[in-house]
Visitor: 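Here's a structure for you.
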Amino acid sequence: MFRTICAAAFGLTLLAVPVSAPAGAAQMGDDGLHKEDWFAITFKDVAEDIEAAREEGKRLVLVFEQRGCIYCAKMHETLLSDPEVADYIKANFKVVQYNMFGDEEVTDLDGEVLTEKTAARKWGYVFTPTLVFMPEEVPEDLSAGKAAVATMPGAFGKWTFLNMFRWVHEKGYEGDEHFQKYHARIIQELRDAGRLKGE
């Protein structure tokens, strides 16, 4: 009986305590997408965003998400909440969020005016999250989908996710070391340094 009363009292105590998001956690926007306070808010003119990122010494990344996406939630709650991941991205990339089914206006690199959802269709993105890494310079006569130097569809573990950002930052796409080989090399270096014990 005493256990039942204590359990009930404990349950009532839990109900009375407001549940808050962890410090630094992404907030949910009216569109149902998680919002990092360091994501860039722009007019979604891809050429302008590439130039703005370059002026800041960064690269542009477009991230497509959708309401109710459990993998998007994982990306925000597990990956972008990790200081090692978030700090690297913030230092080197300008991130602009796109809603896979959104109606905000987008200006493609070829000048075509679209909505977020028609841009996703034109560029061939069907998964969320999808991260699209843009070139350093604005290309001529290409859509953003064709101009992207790398695309990462889906949510991955910390090291795959972070290593893709590193590979793009180091311009691995211009060299002979494919991302998978780069990733394997970095994983081995982490193992050798004792950072992947038990993995």
Visitor: Quick one: do F133 and F165 satisfy ring-ring contact (aromatic ring centres under 6.0 Å, His included)? Show the steps, please.
Guide: CA-CA 9 Å; F133 297 84; F165 280 89; 5.0 Å; yes
Visitor: For R59 and P135, work out which heavy atoms get closest and say how close.
Guide: NH2-CA, 3.5 Å
Visitor: I'd like to know if E51 and R54 make a salt bridge, using a cut-off of under 4.0 Å between side-chain N and carboxylate O.
Guide: yes
Visitor: Identify the heavy atoms of Y173 and V168 that sit nearest to each other, and give their distance.
Guide: CE2-O, 3.6 Å
Visitor: Which residue pairs pass the salt bridge (charged side-chain N to carboxylate O under 4.0 Å, His left out) test when at least one of the two sits in residues 143-152, sequence neighbours left out?
Guide: none
Visitor: Do K122 and E116 sit within salt-bridge range, that is, some charged N less than 4.0 Å from a carboxylate O?
Guide: no
Visitor: Does the distance from a Lys or Arg side-chain N to an Asp or Glu carboxylate O, for K58 and E136, drop under 4.0 Å?
Guide: no
Visitor: Pairs under 3.5 angstrom only: tabulate donor-acceptor contacts from the side chains of residues 182-190 to other protein residues two or more places apart or in another chain.
Guide:
from, atom 1, to, atom 2, distance (Å)
Y182, OH, E170, OE1, 3.2
Y182, OH, E170, OE2, 3.2
H183, ND1, N163, ND2, 2.9
H183, NE2, T160, OG1, 3.3
R185, NE, E177, OE2, 2.9
R185, NH1, E189, OE2, 3.2
R185, NH2, E177, OE1, 3.0
Q188, NE2, D192, OD1, 2.9

Visitor: Is a donor from one side chain sitting under 3.5 angstrom from an acceptor on the other, for H34 and Q97?
Guide: no
Visitor: Is R166 close enough and on-axis enough to Y88, meaning under 6.0 Å and within 45°, for cation-pi?
Guide: yes
Visitor: Write out all pairs satisfying salt bridge (charged side-chain N to carboxylate O under 4.0 Å, His left out) with one or both partners inside residues 88-98, taking only residues at least two apart or from two chains.
Guide: E56-K94, D87-K90
Visitor: Do the side-chain N and O atoms of T128 and Q66 include a donor-acceptor pair separated by under 3.5 angstrom?
Guide: yes
Visitor: Show the numbers, then the answer: is there a ring-ring contact (aromatic ring centres under 6.0 Å, His included) between F64 and Y125?
Guide: CA-CA 8 Å; F64 280 85; Y125 306 140; 5.4 Å; yes
Visitor: A side-chain contact here means heavy atoms from C-beta on lying under 4.5 Å apart; do D141 and D110 qualify?
Guide: no
Visitor: Between D49 and K44 (salt bridge meaning N to carboxylate O under 4.0 Å), is one present in this structure?
Guide: no
Visitor: Tell me, do L60 and F93 make a side-chain contact under 4.5 Å, heavy atoms counted?
Guide: no
